[in-house]
Amino acid sequence: MATTHYIGQPTSRVDGRAKVTGQAKYAAEFNAPGLLHGVVVSSAIAKGKITHLDANEALQLEGVLQVFSHQNRPDLAWLDLSYKDMTAPGGSPFRPFYDEKILFNQQPVALVVAETFELARYAATLVRVQYESEEPTTSLEANLDDLYTPVSFKLGYQKPKSRGDFKAAFDQATTRIESEYYHGAEHHNPMEMHASTVFYEENGSLTIYDKTQGVLNSQHYVSMVFGLSKKNVRVLSPFVGGAFGSGLRPQYQLFMAVLAALELKRSVKVVLTRQQMFSFGHRPVTMQQVAIGATFDGKLEAIRHAAYSETSTFEDYVENIVNWSGMMYSCPNVEQEYKLVQLDMYTPLDMRSPGAATGVHALECAMDELAYKLNIDPLELRLRNYAEEEPSEEKPFSSKALRECYQQGAERFGWANRNPEPRSTKDGTALIGWGMATGMWDAMQMPTRATATLTSDGKLTVGSATADIGTGTYTIMTQIAAEMLGLPLENVTAQLGDSSLPLAFVEGGSATAASVGTAVTYVCEKIQKKLLKLAQAANNSPFAKAKLKDVTFSEGYLRLRSDATVAVSLTELMQQNSINTLEEKATALPKLLKQSKYARNTHSAVFVEVRVDEALGSILVTRVVSAIAAGRILNPKTARSQILGGVVWGISMALEEDTFMDHTYGRFMNHNLAEYHVAVNADIRDIDVIFVEEQDTIASPIGVKGVGEIGLVGVSAAVANAIFHATGKRVRDLPITLDKLL
Amino acid sequence: MMEENEAPQLTEDEKKLFEDLMPEDLDEILDTGVNRRHFLKLLTLTGGGLLAYQAAAAEQVLTRPLSLPPEALPPSTLENAVDLSLRINGTSQKLTVDSRMTLLDTLRERLGLTGSKKGCDHGQCGACTVLVDGRRVLSCLTLAASCEGQSVKTIEGIAQGNTLHPMQQAFLKHDGFQCGFCTPGQICSAVAVLDEAQKGEASYVTGPVRLKAGAKPSPVRLSEEEIRERMSGNLCRCGAYPNIVAAIREVQSGKPVEQTWNFVG
C-alpha cells in the first residue's frame, strides 16, 4: 500500500448520510404487521425469592397475549456452558426466568407481551409480585473482610505479576508516598437503549435485530440457550447506537424477545427502559492502594499497587487494573494485588478502557503526588522513568512513541510555562491548574475473516461479521478496499453486523480496525492476484512477467509500477474474460510467534487545564491536549472523533459520573439520565488531538494499533492533578464534585 | 384516507434498482408498495449489509419505512382512541391513536418515521427532539393527542429532497456524531437554535436582556458558549460535542470552520 488515495485521508463517514437523515435503522426500528411489544417487569428487591407472581389482571386485558416468568418458562438449556457468551467471565451466567430466586435488584421477573407498546406498558404495572426479602450485601467498603483472589478466566484478563522485592526496596527508598483511591460505580449508558426485534419467519427460523457489539456472539447465545441450529438464527445489527462495552454480552432483552417469539410464534420487540439500562452491568466500584518508593532524584525503586473490587455472587468479573503499574515505568520492584468481594448485584461489565480507566488513574495520580514530594516536574519524573522496554515481561515494545507524545503534547499545551506551585495562577475569582498524565492500552489483533466480491461493472463489496458502534468500521473497511483495488470510494460497499458474514470477534478492546482492516487487506490482495492472472493470460501481455509487487491498482486500472501508462481497466479485463464476478474469502490470523516476542501497546500523553471557582468549587476543564501514539491512523477524522470521545469520557468520569447504591435496598438510586450525570455540551471546551504516527507491522500487518480506548486512559488523572495544581487539594475519590473542594 | 398506508411513489432510481434486483416483483411493488417480503428479499440479495450503501437510491429503498396495513392494529387494543389530524413533514396525516400514545411512539411505531430516537422516554436526553410548529419539543413528553392541527417536522423532513439541509451537511463534514443515535435530535435542535437566536431569544449565558418598553429583541450572536449552552439538552454519549459546535458555528457564520488534528512524526 504505497499509494494513499484513501488510507490516512479524513474521509467523512460512508454511513454518515444515513445517520444525518434519520435513515439509519437501529435494533428497535424494524417493523412488520402484527409485531408484538414486550415490556419487562423488574424485581423490586435485591435478594430473596418470589413467593407469588400473579399476572391474571394483566392477562384479562384484550390485546395482552402472554406474561412470561419463571412460572411458565419452557425447558431450556441447563448447562452453565450453554449460557456462556464469548466474553463471559468465570462462574455461572445469570439465567433469566430460571427460578424464583432473586440475585440482584431490578432482576427481570416477568415479560408482558401485547399488541401495542402502550398496552404492554400498562399491563406490566398490573403484574403483582410478592417477595420474601433478605438483607442484601452491596457495599464493597463494608465487606473487605470477604476479599478473595479470583482465579477467573476471561478474554483479555491477565493475572497480576509481581517482580523483585517491593518491601525491601520501599523501606530503603529515600522518598515514599502511599495513597488510597476510590471511585464509584459507573454505567455505560449508550444513547440507544438495549433492544431486540425478533422476526418469527414462516419456516420457524428467527431473524433478529439486536443491539450488540458482536452478532456472532448473540447468535451463539440464542442457539445454545434455545437449542436452535445456527442456520435458523440470523442476527443483524447494521447500526448500533453506542455501546462502550454494554453490548459485549448478550443482554436479557435478547433472551426475552426470542423466548416470546418462539412461544407465541409471532414477531416480538423488547426494548429496555433507561432505568433498566442500570440493571445489567457496570464499571465496578474499586478501592486502590498505591505506594511508590523513589531515590532523591526521582528514580522509581518500588511500586505496590493493590485493587479491591466487586463482583456478583454468581460470576467472577475480572479486569486488568493493577497490571499497568508493572508496565508503564521502569522500576525493578513491583508488587501487585487484585481481590474481589462478592455482592448481591449483577456482574460488572467491561466499560470503555476496562481496568485501565481506573488503574492508570490511581498510578498517574500517585506519580503526581511523588513529583510534588520530590519537587520534580511531573513530566520530567515520567521521562526519568521511561520504560524503553516493557518491564513486566522484559520484552521490547513493537513500537512506542510516547517520548514524542510527551514532547509534542507539552509543546502544544505550553507546559514549559507552568509554575509548579499550587494555587499560583488566578484569573479573577478562578484558580487555574495544569495537570498531566500518561495513558496506555493494548494493541490487539484478533483472528478475522472477510469476503470480497468484485463485479464486472467495477463495484466491490467487502464483508465481515464485525460491528460499527460509532467507531467508523464501515468507513475504514471502505477506505482500505478502495485503496487496495484503486476504485472510487462510491464503488465500494462495506457489509457488517450480520451473522451470515464471515467470522469477526466482538467489537471491543480497540482491536477492530487492526483485525478487520487486515482481513479486508488480505481478501483484496487475493482479488488483486486474480486480476493480475487474468491480465497475464492475454496474448503478448505486457504483464506477463509481472509479480504483484510490480503492479499498482489505481483509478480503476491495473498498471505496471515501472510504467503507469501500461494499464488495463479492471472492468474491461473482466468483461474480456467473460467474468461477471470475482469472489474471494480470506482469513487474517495474528502472527502469534512474531508478536509474542514484543509488547504491543498504544500510549498517550494528556495535558489538562482546569478552572476552579474558589468560592463555589465548580470545576471546568477548559483545555485538553491529547497526544496519541497508536500506530497508523487510517482516517484522522474518525480517529480524532474516537479520541475526542475518550477525552469527554475521561472528563465525565473525573467530575460527574457516579451511580449511588442504596445499601438498605441494594438498589442503584440515580438510575436515570437526569440524576446520573454525563458530560453535556456545556461541560466540554477545547480538545486538541495530536497523532504521533508509528511504523509498526508487528502489532498488525497494516500497522494499525487501535484508538477506541486510549483516548480515555489517563484523562481523569490529568484532571485530578490539574485540580490539585489549581487548589492545592488532593482529591482521591472520583468523581471530584464541588463539595469535595469546599 | 390513511395516507401512511398508500403505496410509496418510487423514483426513477428506485424503480431501476428494483428492476435490476427483483424484476419479478416489480409489478407488485408498483402496485402495493414495498412490503416486508420485498424488504427481506432485498436484504438477502444485498447480503444484509444494508445501509453501507453509498448509492442513494439503494439507501432510500432499503431504509424506507415499512408501511403497516390498518388491520394490524385491532381498535379494541386502543385505550380511549383519539382521532387525530396533523401535518408531518408537509404531509397531512389522519390517524387514530391510543390516548396514551406519545408523539414519539406515533412517529416511530405508526408512521415508520424512526429517525426520531427514544433515548430515555423521560425528556432527559433530547434524542427525540422534533420541531412542532417550528419550535423544538421533546416528542417523548408530548402526547400525540395534543398535536391536533399542528405541524410536525422530523429529521426525515429536514432535507429538501435529495439535497441535505446545511446543518446536515455540516454535521457530516465535521463528524458531529459517531454512533448516530443522538444525531437526529441534535440536528433538529441545532436548526431550532439558529431560529431562536435570530428571534433574539435569550439563553442562560446571554448578556443583558432588559428591553425598553415596546422594543423588539435583537438577534443573539451565537458564540461558542451560546451554542454549548443551548445544545446542552441533547446528550451525546460518544462525546462529539466539539464537532457539533464546529458544525453549528459553520452554518451560523456561513464561513468554513477548520478541523484541528495534527500528525507528527
Side-chain angles (χ1 to χ4, degrees), chain A residues 12 14-16 18-25 29 31-34 62-63 115-119 189-192 236 238 240-242 274 401 404 408 463 469-470 474 490 493-495 498 500 636-637 640-641 644-645 648-649 672-674 678 680-682 684 687-693, chain B residues 36 47-54 59 63 66 68-69 72 74 76-77 98 100-101 105 109 112 114-115 119-122 124-125 127 154-156 159 168 171-173 175 177-184 187 228-229 231-232 235 237-244 260-265:
Chain A
S12 292
V14 298
D15 53 338
K19 286 178 175 173
V20 300
T21 54
Q23 301 300 305
K25 287 172 93 77
E29 298 176 351
N31 211 340
E62 190 175 346
E115 298 279 0
T116 71
F117 170 64
E118 289 72 23
L119 189 55
N189 279 311
M191 294 307 299
E192 179 195 19
L236 298 124
V240 180
R274 182 53 67 180
E404 292 76 5
Q408 296 289 339
I469 57 174
Y474 277 122
E490 52 273 20
T493 301
Q495 298 180 328
D498 181 346
S500 67
K637 188 183 279 194
R640 172 178 172 271
S641 286
L644 288 182
V648 169
W649 268 59
N672 60 72
L673 288 175
V678 301
V680 301
N681 208 320
I684 302 303
I687 301 171
D688 208 336
V689 179
I690 301 171
F691 290 115
V692 181
E693 282 212 293
Chain B
R36 180 170 149 67
L50 77 165
L51 276 198
Y53 274 69
Q54 284 83 57
E59 189 170 293
T63 54
L66 301 160
L68 291 182
S76 56
T77 63
D98 191 301
R100 299 164 296 190
M101 198 168 205
D105 287 327
E109 306 296 339
T114 53
C120 68
D121 219 9
H122 283 63
Q124 298 170 341
C125 77
T154 70
I155 190 67
E156 290 92 344
Q168 292 171 312
F171 267 67
L172 198 51
K173 175 186 165 191
D175 212 25
F177 52 89
Q178 292 184 41
C179 76
F181 200 79
C182 73
T183 314
I187 290 174
R228 288 189 190 105
E229 175 63 27
M231 290 299 292
S232 281
L235 301 182
R237 188 57 161 160
C238 296
Y241 299 127
N243 293 345
I244 291 169
T260 52
W261 65 78
N262 297 278
F263 274 108
V264 176

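Note on naming: letters A, B, ... go to the chains in the order of the sequence lines (proteins, then strands), and numbering restarts at 1 for each one. Since this is a predicted model, take the numbers as computed values, not measurements.
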J.: Would you give the length of the straight line joining atom OG of A:S12 to atom NZ of A:K637, rounded to the nearest 0.5 angstrom?
T.: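 That separation rounds to 3.0 Å.
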J.: May I ask you to name which of B:Y241, B:F177, B:F171 has the most heavy-atom pairs under 4.5 Å with chain A?
T.: B:Y241
J.: Quick check for you: among B:T154, B:I244, B:T183, B:L172, which has the greatest number of heavy-atom pairs under 4.5 Å with chain A?
T.: B:L172
J.: Just give me the residue among A:L673, A:V680, A:V648 that pairs up with chain B most often, heavy atom to heavy atom, under 4.5 Å.
T.: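 Heavy-atom pair counts peak at A:V680.
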J.: Would A:F117 and B:M101 count as a side chain to side chain contact (heavy atoms under 4.5 Å, CB included) here? Give the steps.
T.: CA-CA 9 Å; A:F117 170 64; B:M101 198 168 205; over 6 Å; no
J.: Do A:Y474 side-chain atoms and A:P238 backbone N/O form a donor-acceptor pair below 3.5 Å?
T.: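 Indeed, once roles are kept as given, a pair shorter than 3.5 Å links the two residues.
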J.: Let me see the working for B:D98 and A:T116 under side-chain hydrogen bond (donor to acceptor under 3.5 Å, both in side chains), right down to the final yes or no.
T.: CA-CA 9 Å; B:D98 191 301; A:T116 71; 4.7 Å; no
J.: Checking A:R274 side chain against B:D121 main chain: does a donor-acceptor pair fall under 3.5 Å?
T.: no
J.: Side chain from CB out, backbone as N, CA, C, O: work out which of these in B:I187 comes under 4.5 Å of a heavy atom of chain A, or both, or neither.
T.: side chain
J.: Given a strict heavy-atom distance threshold of 4.5 Å, which part of A:I469 is in contact with chain B: side chain, backbone, both, or neither?
T.: backbone
